[in-house]
Amino acid sequence: MKDTFKHQGLRNRLIAVLESKGVTDHAVLSAIKQIPRHLYMDASFEEYAYKDVAFPIVANQTISQPYTVGFQSQLLEIKPGDKVLEIGTGSGYQTSVLVSLGAHVYTIERQQELFKKTERLLPLMGYKPKYMSFGDGYKGLPQFAPFDKIIVTCGAPFIPKPLLAQLKVGGRMVIPVGNTEQMMTLITRKSPKEFDKQVIEACAFVPMLTDKKLKDW
Ligand code: SAH
């Protein structure tokens, strides 16, 4: 596994693109600058790693677009030591950005092939989450709740109630809500019973598979 000056140069250019699109948080940009995104993709697609596009990985899934990773991370306002729940581990790239921001990450993936691949990759990359789970993101991880932050990296047809319940008071959740197209949505928990909802912008993610589909495994 190699990270060269050429890759670092391409990452510097990518950072400029993300800044122009509104990702301005320095900690987030420096995490993206440091993480070799090409190593989370198939080697034959390396040339696409530093373009600002989503890209196919195994099991019909995608590695999120760098802008999306930057934007969601920025919305979360991660502080070192934050306990973060991530739904949709995928390639582990977003996970690595969160770990590099100092978060303690608990992440769930429902595709077994992808789960196994990323479980092997992340320790090698040096961005180890606290806990990786093969399972259903709709349920969250109640045994580790509450979380300071929750990030959903697949398109959720609705906001799952268990995830709201697992968010700390004062905590933030970023979730793309919708079916074929989604709206990036920021939820803030104001009190045990009060949630503030801010709809931010349109986005496109692979679908968060529902319980019904999960039964069809
Ligand atoms: N953050 C990832 C993006 C992966 S795409 C990255 O940077 O690579 C979204 C991922 O969500 C896919 O891997 C998909 O398998 C997973 N996913 C879909 N529905 C899910 C569910 N119900 N629970 C957990 N993961 C789910």
Side-chain angles (χ1 to χ4, degrees), residues 14 18 23 28 31-32 35-42 45 48-76 78 84-101 103 105-122 125 127 129 131-142 144 147 149-163 166 173-180 182 184 203-217:
L14 174 64
L18 300 190
V23 180
V28 170
I32 292 175
I35 301 172
R37 187 171 185 260
H38 62 286
L39 299 180
Y40 295 75
M41 296 167 50
D42 194 290
F45 299 129
Y48 294 96
Y50 299 109
K51 297 192 194 303
D52 189 24
V53 290
F55 209 79
I57 48 177
V58 293
N60 270 332
Q61 302 304 322
T62 57
I63 177 168
S64 297
Q65 183 184 350
Y67 165 74
T68 306
V69 172
F71 189 59
Q72 284 195 291
S73 305
Q74 173 169 295
L75 283 172
L76 283 175
I78 301 286
V84 180
L85 173 65
E86 179 190 42
I87 313 299
T89 318
S91 68
Y93 177 69
Q94 169 77 75
T95 317
S96 300
V97 170
L98 297 169
V99 171
S100 126
L101 288 168
V105 183
Y106 298 72
T107 185
I108 311 179
E109 172 56 53
R110 52 102 38 218
Q111 293 275 4
Q112 192 166 35
E113 190 188 353
L114 206 43
F115 170 77
K116 285 192 175 151
K117 189 166 186 263
T118 304
E119 196 186 28
R120 276 194 305 270
L121 177 74
L122 288 181
M125 299 300 303
Y127 299 105
Y131 186 75
M132 296 185 77
S133 162
F134 166 57
D136 177 10
Y138 279 90
K139 299 192 177 86
L141 288 172
F144 295 109
F147 296 96
K149 312 282 161 71
I150 299 179
I151 176 171
V152 180
T153 73
C154 38
F158 54 87
I159 300 172
K161 284 217 173 77
L163 299 187
Q166 290 169 35
M173 166 155 74
V174 179
I175 176 169
V177 186
N179 288 305
T180 42
Q182 300 93 33
M184 190 67 82
C203 51
F205 282 79
V206 294
M208 181 170 182
L209 295 174
T210 61
D211 287 339
K212 190 169 161 287
K213 284 201 181 128
L214 287 168
K215 284 194 196 108
D216 294 337
W217 277 7

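Each ligand, and each atom within it, is numbered from 1 in the order the structure gives.
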Give yes if a backbone or side-chain nitrogen or oxygen of Gly137 is under 3.5 Å from a nitrogen or oxygen of ligand 1, and no if not.
-> yes
For Asp136, the atoms of ligand 1 under 4.0 Å from one of its heavy atoms are 22 (N), 23 (N)
For Thr62, the ligand 1 atoms with a heavy-atom partner under 4.0 Å come out as 3 (C), 4 (C), 5 (S), 8 (O)
Report task. For the pair Glu109 (side chain) and Gln111 (backbone), establish whether a donor and an acceptor sit closer than 3.5 Å, ignoring hydrogens and angles. Result -> yes
Note: Gln94, heavy atoms under 4.0 Å from ligand 1, region reported as both
Looking only at atom types and distance, does a side-chain atom of Gln182 sit under 3.5 Å from a main-chain N or O of Ala156, one as donor and one as acceptor?
no
Taking only non-hydrogen atoms of Ile108 and a 4.0 Å limit, the atoms of ligand 1 in range are 24 (C), 25 (N)
Atoms of ligand 1 under 4.0 Å from any heavy atom of Pro207, numbered from 1 in the order shown, are 18 (C), 19 (N)
Sorted by chain and residue number, the side-chain contact (heavy atoms from CB on, under 4.5 Å) partners of Asp52 (sequence neighbours excluded) come out as Leu14, Val17, Leu18, Lys21, Gln65, Pro66, Tyr67
Contact region, Ala59 to ligand 1, non-hydrogen atoms below 4.0 Å, reads neither
Query raised in the report: Any N or O on Leu209 sitting closer than 3.5 Å to an N or O of ligand 1?
Result: yes
Discussion item. With a 3.5 Å distance limit and no angle check, can you tell me whether Gln166 reaches the backbone of Phe144 through a side-chain donor-acceptor pair?
Written reply: no
Under 4.0 Å from one or more heavy atoms of Gly135, ligand 1 contributes atoms 23 (N), 24 (C)
Polar atom proximity, Ser91 to ligand 1 (N or O, under 3.5 Å): yes
Within the 4.0 Å heavy-atom cut-off, what Val206 brings close to ligand 1 is side chain
Separation between CG (Leu75) and CE (Met173), nearest 0.5 Å, reads 13.0 Å
Note: Val69, heavy atoms under 4.0 Å from ligand 1, region reported as neither
Checklist entry - Which class fits the ring pair Tyr40 and Tyr93: parallel under 30°, tilted 30 to 60°, perpendicular over 60°? => result perpendicular
Quiz item: Does Thr153 use its side chain to pair, donor to acceptor, with the backbone of Gly88 at less than 3.5 Å?
Solution: yes
Between Gly140 and Leu85, the two heavy atoms sitting closest are CA-CD2, 4.1 Å
Here the atoms of ligand 1 under 4.0 Å from any heavy atom belonging to Leu114 are 13 (O)
The side-chain contact (heavy atoms from CB on, under 4.5 Å) partners of Pro56 (sequence neighbours excluded) come to none
Quiz item: What do you reckon, does Thr95 put a non-hydrogen atom under 4.0 Å from ligand 1?
Solution: no
For Ile63, the ligand 1 atoms with a heavy-atom partner under 4.0 Å come out as 8 (O)
Notebook entry, point to check: Polar-atom distance check: Thr153 versus ligand 1, any N or O pair below 3.5 Å?
Noted result: yes
Candidates Glu109, Gln65, Gln111; heavy atom nearest atom 13 (O) of ligand 1 found on Glu109
